[in-house]
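Note sheet for the following structure.
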There are 2 protein chains.
Amino acid sequence: MPVPAEAGSEGTTVKQRSIPEASVARLAVYLRMLGELAEQGAETVSSDELAAATGVNPAKLRKDLSYIGSYGIRGVGYEISSLLHQLERALGLNHRQAVALVGVGNLGHALAGYGGFGGRGFPVTALFDVDPDLVGIHINGILVDHIRAIPEVCAERAITIGVIATPAQAAQGACDLLVESGVRCILNFAPVVLQVPGEVEVRKVDLAVELQILAFHVARRHLTATADVVTEQMVNGHAVNGSGGAHS
Amino acid sequence: MPVPAEAGSEGTTVKQRSIPEASVARLAVYLRMLGELAEQGAETVSSDELAAATGVNPAKLRKDLSYIGSYGIRGVGYEISSLLHQLERALGLNHRQAVALVGVGNLGHALAGYGGFGGRGFPVTALFDVDPDLVGIHINGILVDHIRAIPEVCAERAITIGVIATPAQAAQGACDLLVESGVRCILNFAPVVLQVPGEVEVRKVDLAVELQILAFHVARRHLTATADVVTEQMVNGHAVNGSGGAHS
DNA sequence: AGTCGCTTGTGAAGACACGCACAAAGTTGC
DNA sequence: GCAACTTTGTGCGTGTCTTCACAAGCGACT
């Protein structure tokens, strides 16, 4: 949301192929699904198939893909390996991004061991905490440092992404240290709004909020179900036809 | 829109269905911040203050709040305790929602101990896994059951929300069991698109995707910053006809 | 060759979200 | 009681996202 306030040297604006934010999120999903399909030995996939597998409208999928170029073959579909490569390039995954994780408590510990990060090109290479009982131990072979070592360690290990999994009151301090160390992208699990300079990108994941959104829907459903006859619902599309069977 | 303020308890076609999805997500954020303010002893808060604290545009905040009614006092702001109560009601938090967590591995274990759930009205009251080493142990005082016990335990403990933190290949099976047990809201951490009947609401949280979105931004930033990257892959024809161009 | 069926890519329209700007409604001070 | 000030609630213009619908392109088949 924050446009670089005074980014200054912008120079010649070479066709800002600005991919919509919503599309970027879905491209990442397509990427993973393509990876799975490739592992299963498939060679091509149509937009309808890929859309069904990722739960997206086919037209939306094609438009998403069109933002990164025209790599489909009409009448056939998309060549999986080619599309995979193009997607990785567009998402900036051609070179690894080292991740630092601050806060090795309950959630942080799990994230440190979470295979989904390292397995997808985001190796967690630094861990930090303030708890003396945690500083010094190894998790998944990585030493936990004190947060005061953030600047030094981040520079040394070329950290580009920071993940904050501290308690709420410690998050801003951790964030400041990361920013000071040159980290420009932060994934924040703490339930606070981080104050950062304009050039730093923050994404927030709030688990409690996710549950509350669900609770809202369950309450609303209960309300309409009890108040009236169950009407034909028009909730989010999800034309899940043939949703039966095929379990396990 | 002069809706009679006192006549809320009638139950006749409460038009809550009109709350935009995006607003619901923010309402949950306001709710938490209001809780913090209440703890600090504040009694009223203005839209500007609350907006600044939650990182939202003040007008947007007021519009969000207007969807649940007019509970502000012009010239003063919002009475925190009152607004808190109204928000909880609107989000369906007036009665607790018992949560079942399937998959007590790395992430699931952390979620089971995550204070943000129970602390906000979503007590995790059931845990499930398939691993014989995990079934039978207690986490935070809760016994881990085998997933085959899901129907029985969910009915017994009045589970309304299910959280899936299993590996990808086990997620659909876990989902089916939950749905079969009457769970209508599912929070899914597994990187798969769950197939569910239309009346079930699924929210997906994909941690790897979050990082990839960040990686995209870091890559693009790097691209624009170093404006003269040797673009070897300009091969794509880019028939981007009339793409608006630089409307500065 | 020629035709037919299938799939992509995209213009256009509709739906949704955002944020400005201002009237309405309250409070404070005299 | 009245005027000045503060803050809410919202109508509306603007921009973004989603979805439809269809022409263009590709391969297969006759």
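Chain letters run A, B, ... following the sequence lines, proteins first, then strands; residues in each count from 1. Remember, it's a predicted structure, so these values are computed and weren't measured experimentally.
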Checklist entry - What residues form a side chain to side chain contact (heavy atoms under 4.5 Å, CB included) with A/Glu210, not counting sequence neighbours? => result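 In terms of side chain to side chain contact (heavy atoms under 4.5 Å, CB included), with neighbours along the sequence ignored, A/Glu210 is linked to B/Leu187, B/Arg203, B/Val205.
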Item to check | Under the side chain to side chain contact (heavy atoms under 4.5 Å, CB included) test, residues paired with A/Ala38 that sit two or more places apart | outcome: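 For A/Ala38 the side chain to side chain contact (heavy atoms under 4.5 Å, CB included) partners, ignoring immediate neighbours, are A/Ile80, A/Leu84.
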Rounding to an integer number of Å, can you tell me how far [X] [atom1] sits from [N] [atom2]?
{"X": "A/Ile68", "N": "C/dT10", "atom1": "CD1", "atom2": "P", "value": "12 Å"}
{"X": "B/Glu79", "N": "D/dT7", "atom1": "CD", "atom2": "C1'", "value": "16 Å"}
{"X": "A/Arg26", "N": "D/dT16", "atom1": "CZ", "atom2": "P", "value": "15 Å"}
{"X": "B/Ile73", "N": "D/dG9", "atom1": "CD1", "atom2": "P", "value": "9 Å"}
{"X": "B/Lys60", "N": "D/dT16", "atom1": "NZ", "atom2": "P", "value": "14 Å"}
{"X": "B/Tyr71", "N": "D/dT10", "atom1": "OH", "atom2": "P", "value": "12 Å"}
{"X": "B/Leu83", "N": "D/dT7", "atom1": "CG", "atom2": "C1'", "value": "14 Å"}
{"X": "B/Asp64", "N": "C/dC18", "atom1": "CG", "atom2": "P", "value": "8 Å"}

Checklist entry - Under 4.0 angstrom, heavy atoms only, what part of the nucleic acid is B/Ala22 near: base, sugar-phosphate, or nothing? => result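 Sugar-phosphate, backbone atoms only, no base.
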Checklist entry - Hey, are A/His217 and B/Glu21 close enough side-chain-wise for a donor-acceptor pair under 3.5 Å? => result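 A/His217 and B/Glu21 do have a side-chain donor-acceptor pair below 3.5 Å.
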When you measure from the side-chain N and O atoms of [X] to the phosphate of [N], is any distance below 4.0 Å, counting only OP1 and OP2?
{"X": "B/Tyr78", "N": "D/dG9", "result": "yes"}
{"X": "B/Asn57", "N": "C/dA17", "result": "no"}
{"X": "A/Ser47", "N": "C/dT8", "result": "yes"}

Item to check | Worked check of side chain to side chain contact (heavy atoms under 4.5 Å, CB included) between B/Glu49 and B/Tyr78 | outcome: CA-CA 10 Å; B/Glu49 291 166 353; B/Tyr78 298 88; over 6 Å; no
Item to check | Under 3.5 Å donor-acceptor pair, A/Lys63 side-chain atoms to D/dT18 base atoms | outcome: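 Side chain to base: no pair present.
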Checklist entry - Where do B/Arg26 and B/Val56 land on the side chain to side chain contact (heavy atoms under 4.5 Å, CB included) test, with the steps shown first? => result CA-CA 9 Å; B/Arg26 287 188 297 268; B/Val56 167; 4.1 Å; yes
Item to check | Closest non-hydrogen atom pair between A/Tyr67 and A/Ser23, with its separation | outcome: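 Heavy atoms of A/Tyr67 and A/Ser23 come nearest at CE1-OG, 3.5 Å.
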Next on the checklist: Is it the case that the side chain of B/Asn188 and the backbone of B/Val192 share a donor-acceptor pair, with hydrogens and angles ignored and the cut-off at 3.5 Å?
Outcome noted: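 Answer holds: yes.
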Please list, for nucleotides 22-25 of chain D, all pairs of protein and nucleotide N/O atoms separated by less than 3.5 Å.
unit_1, atom_1, unit_2, atom_2, d
D/dA24, N3, A/Arg74, NH1, 2.8
D/dG25, N2, A/Gly75, N, 3.4

